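Have a look at the structure below before the remarks.
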Amino acid sequence: MCDVAPEISAAGAALVGIGNGTPAQAAALGAAARVPFPLYADPSRRSYRAAGLRRSWVRVLDPRVFLSARKARRTGARQVGIQGDPWQLGGVLVFDASGRLVWRQQSRFPGDHAAPADILQALRSAV
């Protein structure tokens with residue numbers, strides 16, 4: 001998301017990240033990765049439940065996780081540890097200016113991320 005953050009801002013949208021670790025972990029990640037948008041922590045995972053995102057140890061063991069990890073390593077990304085709930089899967093939500101949900105991606109396994117082009121298209125169609 002860091003790579004497309006300028007495009008998201010140019011589209012008139014705000015980008016935020018929510019993790020299920022602690023506030024200190026979110027701050028450390030933001031600083032280490034030079035994340036250009038706010039990162040928030042929700043150790044209770046209430047926001048994940050409200051968004052209807054999956055939590056599953058079975059999905060974390062999906063074989064596609066290894067393909068995603070290999071792809072991430074090729075780009076220089078390295079996972080240095082597990083923070084927060086290791087079974088919680090992520091997703092992306094796009095809201096319009098009135099707060100209406102207009103697009104949603106729900107990760108099926110770790111590393112199943114929304115394509116930035118899909119997110120940008122959702123933003124453009126929300127205007």
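Residue numbers run from 1 in the order of the sequence given. Only a predicted model underlies this, so the values are computations on that prediction, with no experimental measurement involved.
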(request) Give a yes or no on whether the backbone of P6 and the side-chain of S9 come within a donor-acceptor separation of less than 3.5 Å. (result) no
(message) The criterion is side-chain hydrogen bond (donor to acceptor under 3.5 Å, both in side chains); which residues satisfy it with Q105, sequence neighbours excluded?
(response) none
(request) Please identify each residue that fulfils side-chain contact (heavy atoms from CB on, under 4.5 Å) with A10, with sequence neighbours left out. (result) none
(request) In sequence, state the C-alpha distance, the side-chain angles, and the governing distance for V4 and I119, and then conclude on side-chain contact (heavy atoms from CB on, under 4.5 Å). (result) CA-CA 9 Å; V4 296; I119 298 167; 6.0 Å; no
(request) Treat each ILVMFWY residue as a node, draw an edge where side-chain heavy atoms are under 4.5 Å apart, and state whether V35 and L15 are in one component. (result) yes
(request) Return the set of residues passing side-chain contact (heavy atoms from CB on, under 4.5 Å) with A41 (not counting sequence neighbours), or none when no residue passes. (result) P23, A26, P43
(message) With clusters defined by side-chain heavy atoms of hydrophobic residues (ILVMFWY) lying less than 4.5 Å apart, directly or transitively, does F109 cluster with L53?
(response) no
(message) Measuring only between side-chain heavy atoms, which start at C-beta, is F37 closer than 4.5 Å to V16?
(response) no
(request) Mind checking salt bridge (charged side-chain N to carboxylate O under 4.0 Å, His left out) for D96 and listing every partner two or more places apart, or none if nothing turns up? (result) R100
(message) Does M1 form a side-chain contact (heavy atoms from CB on, under 4.5 Å) with I8? I'd like the steps, not just the answer.
(response) CA-CA 9 Å; M1 296 305 298; I8 290 172; 3.7 Å; yes
(request) Determine yes or no for a side-chain-to-main-chain donor-acceptor pair under 3.5 angstrom, with S107 supplying the side chain and D112 the backbone. (result) yes
(request) First locate atom CG of N20, then atom CD of Q25, and finally report the distance between them rounded to the nearest 0.5 Å. (result) 8.5 Å
(request) I would like to know whether R54 and R108 meet side-chain contact (heavy atoms from CB on, under 4.5 Å); could you show each step before the answer? (result) CA-CA 8 Å; R54 295 181 176 114; R108 297 166 291 164; 3.6 Å; yes
(request) Could you list the residues that satisfy side-chain contact (heavy atoms from CB on, under 4.5 Å) with R46, not counting sequence neighbours? (result) D42, S44, R49
(message) The criterion is side-chain contact (heavy atoms from CB on, under 4.5 Å); which residues satisfy it with F95, sequence neighbours excluded?
(response) L93, L101
(message) Once salt bridge (charged side-chain N to carboxylate O under 4.0 Å, His left out) is applied, do any residues pair with R55, and if so which ones, sequence neighbours excluded?
(response) D85
(request) For the residue pair L123 and E7, establish whether any side-chain heavy-atom pair is separated by less than 4.5 Å. (result) no
(request) Compare every heavy atom of V102 with every heavy atom of A126, then report the nearest pair and how far apart it is. (result) CB-CG2, 3.7 Å
(request) Could you tell me the separation between the CH2 atom of W103 and the OG atom of S125, rounded to the nearest 0.5 Å? (result) 10.0 Å
(request) Taking the side chain as every heavy atom from C-beta outward, state whether Y48 and L89 have any atom pair closer than 4.5 Å. (result) no
(message) Can you list everything that forms a side-chain hydrogen bond (donor to acceptor under 3.5 Å, both in side chains) with Q106? Sequence neighbours excluded, please.
(response) R104
(message) Are L120 and V94 connected into the same hydrophobic cluster when the rule is that any two of I, L, V, M, F, W, Y join if their side-chain heavy atoms are below 4.5 Å apart?
(response) yes
